[in-house]
Amino acid sequence: MIFDLDGVLVHTDELHYQAWSAIAERLGIAFTRRDNDRLRGVSRADSLEIVLSLGMTEVSAVEKEVLADEKNAIYRQLLDRLTPRDVAPDVLATLDELQGRGLRLAIGSSSRNAKVILDRIGLRDRFDAISDGENITRSKPDPEVFLRAAQFLALTPGRCAVVEDARAGVDAALAGGFSCFGIGDAAEHPRVTWRLEKLSEMLEHLTDR
Ligand code: G6P
Ligand code: MG
């Protein structure tokens with residue numbers, strides 16, 4: 001089972017929102033939570049492009065690097081507040097049950113902060129493999145991050161399933177030949193394999209697989 005991290009196992013969206021808001025405000029760009037929803041599953045560099053496009057703001061490549069670094073510094077400070085209590089009981093119970101059933105678990109996240117987040121919330125040891133922003137060159141909707149996760153698990157995509165909250169993540173999973181559970185925004189994706197209101201509902205779909 002390959003889990004996206006942000007928005008599936010822990011809600012870091014609000015922290016991304018606060019960090020991007022600080023950058024947008026400095027540039028005089030109006031940035032709402034709705035705008036922030038468009039950044040789900042999107043890499044840091046591509047997220048910056050979206051933020052800049054909201055203000056039709058043009059900056060040099062060097063400035064872009066500085067802005068992305070500044071956003072990340074703010075975000076990293078906010079991540080310091082995360083604790084194991086930020087993981088919902090339903091998420092923990094689901095991971096317990098999956099491991100109890102002998103499934104191997106992996107992370108498939110576009111974030112370059114995935115390992116830091118997993119350490120903060122105390123879940124790093126739960127995963128047999130971590131594929132994240134550090135080992136990919138193309139972010140979702142490209143399937144690279146999930147294909148690498150499957151490779152780390154030594155399984156073909158047909159033997160894995162992905163869990164996603166971002167539409168771009170569902171596209172990535174399907175493009176890679178994975179079936180996909182969609183939660184939140186991703187449950188609205190027309191081609192998602194299974195729709196979930198909460199993570200533990202996935203267990204019902206695994207009985208005969
Ligand atoms: C996840 C989040 C995105 C974020 C991306 C990169 O996919 O859903 O909102 O932009 O990771 O995050 P990073 O931690 O590398 O800046
Ligand atoms: Mg996500």
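Each ligand, and each atom within it, is numbered from 1 in the order the structure gives. Count residues from 1 along the sequence.
In this pair, H16 and Y75 present their aromatic rings parallel. The plane angle is below 30°, not in the 30 to 60° band. The aromatic rings of W194 and H205 sit tilted relative to each other, their planes meeting at an angle between 30° and 60°.
Every residue was checked against the side-chain hydrogen bond (donor to acceptor under 3.5 Å, both in side chains) condition with T94, not counting sequence neighbours, and none meets it. Checked against salt bridge (Lys or Arg N to Asp or Glu O under 4.0 Å), E188 has no partners two or more places apart in sequence or in another chain. Every salt bridge (Lys or Arg N to Asp or Glu O under 4.0 Å) that R40 has, sequence neighbours left out, goes to D13, D37, D165, D185.
No donor-acceptor pair under 3.5 Å is formed between the side chain of Q99 and the backbone N or O of R104. Judged by distance alone, the side chain of R148 and the main-chain N or O of S131 form no donor-acceptor pair under 3.5 Å. At distances below 3.5 Å, not a single donor-acceptor pair connects side-chain atoms of T193 with backbone N or O atoms of S179.
Here is the list of ligand 1 atoms found below 4.0 Å of a heavy atom in R112: 13 (P), 14 (O), 15 (O). Each of the atoms 6 (C), 13 (P), 15 (O), 16 (O) of ligand 1 lies under 4.0 Å from some heavy atom of R44. Within ligand 1, counting atoms from 1 as listed, the ones closer than 4.0 Å to a heavy atom of S47 are 10 (O). Those atoms of ligand 1 with a heavy atom of L39 less than 4.0 angstrom away are 3 (C), 9 (O), 10 (O). If you number the atoms of ligand 1 from 1 as listed, the ones under 4.0 Å from a heavy atom of V42 come out as 3 (C), 4 (C), 5 (C), 6 (C), 10 (O).
Not a single heavy atom of G133 sits under 4.0 Å from any atom of ligand 1. At least one heavy atom of G41 lies less than 4.0 angstrom from ligand 1.
Between D86 and R81 there is no salt bridge, since no side-chain nitrogen of the basic residue lies less than 4.0 Å from a carboxylate oxygen of the acidic one. In this structure, E134 does not pair ionically with K115, as no charged nitrogen and carboxylate oxygen lie closer than 4.0 Å.
Around the Mg ion (ligand 2), protein N, O or S atoms at a distance under 2.8 Å total 3; waters are neither shown nor counted.
The proximity of N113 to ligand 1, defined as any non-hydrogen pair under 4.0 Å, involves the side chain as well as the backbone.
By the criterion of side-chain heavy atoms lying less than 4.5 angstrom apart, applied directly or through intervening Ile, Leu, Val, Met, Phe, Trp or Tyr residues, L5 is not grouped with V162; the two fall into different hydrophobic clusters.
For a threshold of 3.5 Å applied to N or O pairs, the pair formed by Y75 and ligand 1 contains no separation below that value.
Between atom 12 (O) of ligand 1 and the options A114, S43, S111, the minimum heavy-atom separation is to S111.
Among protein heavy atoms, atom 1 (C) of ligand 1 sits closest to D6 OD2, 3.2 Å.
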